[in-house]
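Written out below as structure tokens is the structure these notes cover.
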Amino acid sequence: MVRVRFAPSPTGYLHIGNARTALFNYLFARKNSGKFILRIENTDTERSKKEYEESILEDLKWLGLSWEEGPDVGGPFGPYRQTERLQLYRDYANKLVSEGKAYRCWCTKEEIEKRRSSGDQQNSGYDNYCRNLSVSQISSFQAEGRNPVIRFRVPDKKVVVNDIIRGTVIFEAGTLNDFVIMKSNEIPTFHFAVVIDDLSMQITHVIRGEDHLSNTPKHILIFEALGCNPPAFAHMSMTLGTDRTRLSKRHGATSVRQYRENGYLAEAMFNYLALLGWSSKDNQEIFSKQQLIEEFSLQACNKSNAIFDPAKLLWLNALYIRKKSSSEIFEISLPFLEKAGYSKSELEQHKKIIEKVIDVEKEKLKTLQDIPERTGYFISEDISWNSEIEKKVKIPEFEKTLSEISDLLKTIEPFEKSVIEATIRRFCEERNLKCIEVFNPLRFVLTGQTKGAGLFEMIELIGKQRCIKRIENFLKLKTG
RNA sequence: GCCCCCAUCGACUAGCGGCCCAGGUCACCACUCUUUCAAGGUGGUAGCGCCGGUUCGAUUCCGGCUGGGGGCGCCA
């Protein structure tokens with residue numbers, strides 16, 4: 001039984017790169033009919049926040065990922081929050097100490113740094129100072145009231161990582177320093193907690209970012225010291241920003257929360273993230289979740305880092321918007337409409353018309369955020385005209401033509417797209433006017449915009465009375 | 001300083017010794033469709049980092065170099 005986990009640390013919103021890691025774990029679990037487990041790694045008590053944990057869970061769910069075991073749903077290997085498992089880590093740590101595989105170290109940060117900078121070797125980090133302390137040294141440290149950390153006694157040997165994505169990677173453990181597994185506050189470090197948790201939660205495959213590849217020997221060494229076989233490892237390529245450095249705030253939006261708030265669809269994000277560092281045999285680009293699950297494999301993962309390209313995400317987003325029905329889009333765009341100032345009741349009241357508008361405007365939408373400005377002139381009673389844009393559409397004697405069209409509109413019955421179009425086209429013909437010279441300015445007068453859906457469907461949706469009123473208002477404005 | 005990973009168009013990638021004077025997608029450009037804006041259609045610009053091997057033959061295999069990324073925390 002395949003068991004994989006995603007183990008975020010709740011120190012911020014769900015990052016795009018982490019979301020991709022979560023996604024790959026999820027796909028692998030589903031593909032292999034295994035379990036996907038969510039574990040909260042909150043041993044950094046300084047930076048971990050409950051709000052972040054909640055937001056990460058929300059965003060994962062929004063993305064469309066679901067888990068069988070986790071802090072919210074429980075499970076047979078819980079608890080799933082590391083701060084609730086402290087006794088477990090302490091027990092294992094003490095076991096290692098009693099077996100001589102780990103030891104207490106009383107050095108302060110300053111002492112370590114001092115010895116490092118004064119030493120002749122360029123070697124960085126801890127110098128294994130407390131490895132073999134005498135009983136008297138230990139008791140004198142204790143007498144000083146120092147709180148020790150527990151360090152792992154790193155053996156001098158080769159450690160082989162058989163990585164599913166990268167193949168065999170060999171490390172010389174002798175180049176590692178004895179690293180801390182328990183902090184002086186008796187909270188485990190990441191390296192120790194992951195191993196104990198992956199072990200006790202019976203994780204079979206550890207799928208994580210390449211930034212952990214260099215740390216993997218430490219983890220394997222701990223598994224071995226505990227007399228256990230390590231899980232299989234798969235280190236995915238990293239997600240970088242457009243300048244090839246780590247994706248960070250400098251690159252704009254980096255959390256899935258931000259994309260969600262900017263009007264991106266979960267399906268688009270899901271699909272896009274899957275394409276980063278993975279590809280199907282035939283280079284297919286558009287996948288449903290189900291197809292992705294069927295096609296996914298770790299072997300097909302690319303070894304080189306991938307740059308997050310917002311432009312391609314945007315393209316996919318527009319594509320997924322076009323694929324959705326207008327009632328679906330209406331539902332998910334409600335928060336955006338409300339944010340633009342429409343009340344819930346107002347939106348409910350105009351539901352039918354907004355859906356029609358979405359139908360007509362759908363193919364122009366890039367994000368859900370575009371919806372308010374695209375639908376505003378259908379909902380509002382009155383509109384205003386931007387004088388800058390107006391300059392583009394001026395034509396001579398337009399006022400006169402406009403009032404004639406207004407009169408014409410009054411006579412149209414039924415007020416439907418095809419009838420309106422036929423009437424106005426006939427009008428242009430009779431006056432010997434080029435259609436385009438009439439259509440564009442008319443669009444501007446009626447909507448305040450120079451872009452939008454087909455002119456006649458817009459006129460129909462705006463409605464006879466409002467069209468006439470808008471023309472009147474416009475003429476009033478022009479003639480003083 | 002030490003250790004590890006990676007290297008095909010601007011970006012994501014296909015390629016697993018000859019089918020490749022390198023294919024697809026996004027972006028970009030042009031044309032087309034068109035009442036606007038899009039979407040769509042057609043076409044185009046653009047890439048195997050460098051140097052040595054191996055081989056009849058290297059994008060593909062090996063080595064070095066260079067470049068990029070990562071790790072070496074009482075952060076995860």
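As a basis for the values below, the full set of heavy atoms in this structure was taken, side chains included, without hydrogen atoms, waters or symmetry mates. Naming convention: chains lettered A, B, ... in sequence-line order (proteins, then strands); numbering from 1 in each chain.
Residues R166(A) and D309(A) both approach RNA chain B. Their nearest nucleotides, taken by heavy-atom distance, put R166(A) toward the 5′ side. Between L275(A) and A311(A), it is L275(A) whose nearest contact on RNA chain B lies nearer the 5' terminus.
Base pairing of U55(B): no nucleotide in any strand meets the Watson-Crick or G-U wobble criterion (both distances under 3.5 Å). Nucleotide U42(B): paired with A30(B) (Watson-Crick or G-U wobble, both distances less than 3.5 Å). Both distances falling under 3.5 Å, in either a Watson-Crick or a G-U wobble arrangement, place G1(B) opposite C72(B). For A11(B), the paired nucleotide is U25(B), the pair qualifying as Watson-Crick or G-U wobble because both relevant distances are below 3.5 Å. Base pairing annotation: G67(B) forms a Watson-Crick or G-U wobble pair with C6(B), both donor-acceptor distances under 3.5 Å.
Atom pair E457(A):CD and U35(B):C1' shows a separation of 11 Å (rounding to whole Å applied). Look at NZ on K323(A): it is 16 Å from P on A39(B), rounded to the nearest Å. What separates CZ of R425(A) from P of U34(B) is a distance of 11 Å, to the nearest Å. Straight-line distance from the CD atom of Q299(A) to the C1' atom of G15(B): 18 Å, rounded to whole Å. Nucleotide C33(B) holds its C1' atom 13 Å from the CD atom of E363(A), rounded to whole Å. Distance, L314(A) CG to A39(B) P: 10 Å, rounded to whole Å. When the P atom of U35(B) is taken as reference, atom CG of L433(A) falls 16 Å away, rounded to whole Å. The interatomic distance linking I170(A) (CD1) with C4(B) (C1') rounds to 12 Å, in whole Å.
Out of U35(B), U25(B), U13(B), the shortest distance to the side chain of E285(A) is found at U25(B). Of the candidates A38(B), C37(B), C4(B), C4(B) carries the atom nearest the F171(A) side chain, counting heavy atoms from C-beta on. Proximity note for K366(A) (side chain, C-beta onward) versus C37(B), A39(B), U35(B): the nearest is A39(B). Counting only heavy atoms from C-beta on, N283(A) has its side chain closest to G24(B) among U35(B), G24(B), A39(B).
More than 12 heavy atoms of other residues, nucleotides or ligands sit less than 6.0 Å from atom NZ of K31(A). Within a 6.0 Å sphere centred on CZ of F223(A), heavy atoms belonging to other residues, nucleotides or ligands number more than 12.
Taking the centre of each ring, F190(A) and H212(A) come in below the 6.0 Å mark. Separation of the Y80(A) and W67(A) ring centroids does not fall under the 6.0 Å cut-off. No close placement of the Y26(A) and F6(A) rings is indicated, their centers lying 6.0 Å or farther apart. Separation of the F24(A) and F296(A) ring centroids falls under the 6.0 Å cut-off.
With P188(A) as the partner, the side chain to side chain contact (heavy atoms under 4.5 Å, CB included) test is satisfied by one option alone out of I196(A), L86(A), V180(A), I181(A): L86(A). Checking R131(A), K101(A), R104(A) one by one against D178(A), the salt bridge (Lys or Arg N to Asp or Glu O under 4.0 Å) holds for a single residue, R131(A).
Looking at heavy-atom distances under 4.0 Å, L455(A) makes contact with a base. F308(A) comes within contact range of no nucleotide atom at all, as no heavy-atom separation falls under 4.0 Å. As judged by a 4.0 angstrom heavy-atom cut-off over every strand, G454(A) is placed among the base-contacting residues. Note on K362(A): nothing from the nucleic acid sits closer than 4.0 angstrom, heavy atoms only.
Among residues two or more places apart in sequence or in another chain, the salt bridge (Lys or Arg N to Asp or Glu O under 4.0 Å) test is passed with E172(A) by K158(A).
The phosphate of A14(B) has OP1 or OP2 within less than 4.0 Å of a side-chain N or O from N302(A).
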Grab the N/O contacts between the protein and nucleotides 40-46 of chain B below 3.5 Å, and write none if there aren't any.
none

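A cation-pi arrangement is absent between R5(A) and F36(A) under the rule of less than 6.0 angstrom and at most 45 degrees off the ring axis.
Using modelled atom types, one finds a donor on one side chain and an acceptor on the other under 3.5 Å when comparing T83(A) with N42(A).
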Counting primed atoms, P, OP1 and OP2 as sugar-phosphate and everything else as base, the B/S/- map of nucleotides 66-76 of chain B against protein heavy atoms under 4.0 Å is ---BBSBSBBB

